[in-house]
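Data first, discussion second: the structure below is written as structure tokens.
Every chain is numbered from 1, with letters handed out A, B, ... down the list of sequences. Predicted model, so just to flag it, every value in this text is computed and none were measured.
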Amino acid sequence: MDSGKDKEDQAAGGNGTKHLAAVAILTAVTTVFTYIIRVPIAPTRGYINLGDVAIYFTAFTFGPLTALFAGGLGPAIADILAGYSQWAPITLGIHGLQGLLAGYLFRLLSRRRSESPSGKAAGYTLGGVAGTVVMTGFYFLAGGLMVGFGAALVEVPGNLIQNAVGLTGGIVLTAAVRKAYPPVERFSW
Amino acid sequence: MTGDFFLPGNSAFHRFDGRAKLILLVGSAAFFFYPLPPVFLAAALVAWVLVFALTIGLKEAGTPLRSILPVLILVALLTPLFNRQGTPLISVKGMVLATTAGLEETVRMLLRFSGVTLTFYLYFRTTDLQTILLSLRWFGLPFRSSLVVTLAFRYIPHFADLYRQVSDAHSLRAGEGTSSSRGFLKGVKAFFPTLTSVLIQSVKSIDPLSMALEIRGVGGGKARTSYGVLPGGARFFSQMFLSCIIVAAELLPILWR
């Protein structure tokens with residue numbers, strides 16, 4: 001006899017198409033968060049893009065594999081649309097790895113502590129730190145090869161701030177979306 | 001927002017086979033990373049500028065270069081400071097600011113970044129999304145991966161509009177002014193209900209899309225036909241051959257050295 005969850009999965013089209021649809025939707029969301037939605041920083045008249053917010057949200061809510069694909073493809077597509085296609089292959093790999101690690105570590109730690117608040121907090125922290133180190137470190141290395149390590153070093157503080165904003169926003173949105181729309185748990189992969 | 005970077009045209013590069021162009025893109029972008037004297041990189045950059053002039057226009061070459069100008073300035077200023085081996089050229093109060101090796105490395109980095117930028121820009125400007133995906137599929141990209149990309153492009157404008165609508169709705173409900181008038185922190189705090197609404201509406205799209213895909217036979221395990229097919233024949237083979245010859249020729253300076 002099918003369980004309620006199995007019925008829901010069948011209604012949603014089975015595991016294969018459900019996960020494919022989730023990756024496609026979250027790729028589009030991450031692209032929009034990276035390319036369209038910008039938070040102005042009044043003192044500098046600059047902008048923070050929310051791509052990392054979407055990547056961490058995807059990692060913590062949908063799991064490491066969705067974050068690997070959507071987290072890599074979304075910003076890569078945004079790079080192409082914004083006219084920075086030379087960074088697209090690098091972005092695909094780095095942000096995908098960022099999402100994969102953040103999602104994997106969050107799941108590992110939160111499940112190890114039976115989804116307790118302390119487990120989730122540990123997962124958010126370690127996942128965020130790992131994601132930050134991977135993203136900042138690999139962008140520094142790739143930037144070093146592309147434009148020299150001097151110019152690549154200038155990008156490091158901005159990437160750290162981007163990750164801090166992304167992690168904070170990702171955690172807040174994960175909690176908010178889970179509370180407002182509990183069925184989101186079904187799509188975790 | 002069209003969700004596409006392609007500039008329609010009828011130049012020779014537009015008509016060049018997508019698969020051959022992809023080989024040319026990868027090979028030519030890699031060339032700028034080869035350990036060669038800057039004169040070779042400069043020759044390759046000039047060649048790409050000529051291709052721009054003959055295909056989509058020299059003015060188009062200015063667009064990506066203008067966008068990376070701040071980075072090029074940073075490269076020009078900082079690379080000599082991080083490469084101070086070799087014969088000193090500029091010294092101030094005993095501190096070496098630039099050497100011959102440092103300047104050579106600076107020129108190499110400037111040419112590298114400019115060359116890779118122009119290569120990628122030209123490829124995406126002259127190749128439409130369908131051709132890009134069919135080319136990648138020809139090289140082995142799985143069907144599901146290309147389906148994800150096409151679906152994402154379909155939904156990007158939809159979610160961009162959704163964000164604007166939800167953002168307007170929240171602004172009207174809150175009855176506050178623009179984000180600049182209410183302060184940075186309040187503006188950031190006001191973002192979160194908007195983003196939460198957008199995310200929930202987005203996530204609700206997953207089930208209908210999943211069911212639509214299943215009805216269309218995705219995940220059914222049967223071999224799929226393709227709506228679009230890239231042409232074969234003599235023209236395809238000659239263009240592939242030409243691309244391979246160009247990429248192989250780019251290896252000659254390394255072998256010669």
Output the option from A:V29, A:I37, A:T30, A:V23 having the highest count of non-hydrogen pairs under 4.5 Å with chain B.
A:I37
Name the region of A:V147, side chain, backbone, both or neither, that has any atom closer than 4.5 Å to a heavy atom of chain B.
both
Measure A:P183 against the heavy atoms of chain B and call it side chain, backbone, both or neither at under 4.5 Å.
neither
Check the pair B:Y123, B:F13 against ring pair (Phe, Tyr, Trp, His ring centres under 6.0 Å), reporting the backbone distance first and the verdict last.
CA-CA 9 Å; B:Y123 174 79; B:F13 211 70; 8.1 Å; no
Classify the ring geometry between A:Y124 and A:F106 as parallel (under 30°), tilted (30 to 60°) or perpendicular (over 60°).
parallel
A:Y139 side chain reached by A:H95 side chain, heavy atoms, under 4.5 Å:
yes
Of the non-hydrogen atoms in B:V75 and A:A151, which two are nearest, and what is the gap between them?
CG2-CB, 3.9 Å
Here the gap from A:I90 atom CD1 to A:Y84 atom OH, rounded to the nearest 0.5 Å, amounts to 14.5 Å
Smallest separation among heavy atoms of A:F60 and A:A102, with atom names:
CE2-O, 3.9 Å
Relative to chain A, which of B:F82, B:F32, B:F113 shows the most heavy atom pairs under 4.5 Å?
B:F113
Examine whether an atom of A:V172 lies under 4.5 Å from a heavy atom of chain B, and if so say whether it belongs to the side chain, the backbone or both; otherwise answer neither.
side chain
Heavy-atom cut-off 4.5 Å, strictly under: side chain, backbone, both or neither for B:T79 against chain A?
side chain
Taking all non-hydrogen atoms of both residues, which atom of A:L20 and which atom of B:L213 are closest, and how far apart?
CD2-CD1, 3.7 Å
Highest number of heavy-atom pairs under 4.5 Å with chain A among B:K204, B:E105, B:H158 belongs to B:K204
Check each atom of A:L73 against the heavy atoms of chain B and say whether the ones under 4.5 Å are side chain, backbone, both or neither.
side chain
I need the residue from B:P80, B:A76, B:P64, B:S67 with the largest number of non-hydrogen atom pairs under 4.5 Å to chain A.
B:S67
Engaged part of B:L81 at the chain A interface, taking heavy atoms whose separation is under 4.5 Å:
neither
So what's closer than 4.5 Å to chain A heavy atoms on B:F120: side chain, backbone, both or neither?
both
With chain A, the option among B:Y121, B:Y163, B:F33 that has the most non-hydrogen atom pairs under 4.5 Å is B:Y163
When only pairs under 4.5 Å are counted, which of A:V154, A:L145, A:T27 shares the most heavy-atom pairs with chain B?
A:L145
Choice from B:L74, B:V116, B:T117 maximising heavy atom contacts with chain A below 4.5 Å
B:T117
Can you tell me which portion of A:F69 sits under 4.5 Å from chain B's heavy atoms? Options are side chain, backbone, both or neither.
neither
Counting C-beta onward and ignoring hydrogens, is there a side-chain heavy-atom pair between A:I77 and B:I156 closer than 4.5 Å?
yes
Interatomic distance, CG@A:L81 vs CZ@B:F124, rounded to 0.5 Å, equals 10.0 Å
Do B:N83 and B:E104 have side-chain atoms, one donor and one acceptor, less than 3.5 Å apart?
no
A cation-pi test, strictly: NZ or CZ of B:R137 under 6.0 Å from the centre of the six-membered ring of B:F143 and no more than 45 degrees from its axis. Yes or no?
no
Nearest heavy-atom neighbours spanning B:L118 and B:V49:
CD1-CG2, 4.0 Å
Engaged part of A:I25 at the chain B interface, taking heavy atoms whose separation is under 4.5 Å
both
With chain B, the option among A:G148, A:A82, A:S85, A:A22 that has the most non-hydrogen atom pairs under 4.5 Å is A:S85
Counting only heavy atoms closer than 4.5 Å, note whether B:L147 contacts chain A via side chain, backbone, both or neither.
side chain
Out of B:V203, B:L151, B:I68, return the one with the most heavy atom pairs under 4.5 angstrom to chain A.
B:V203
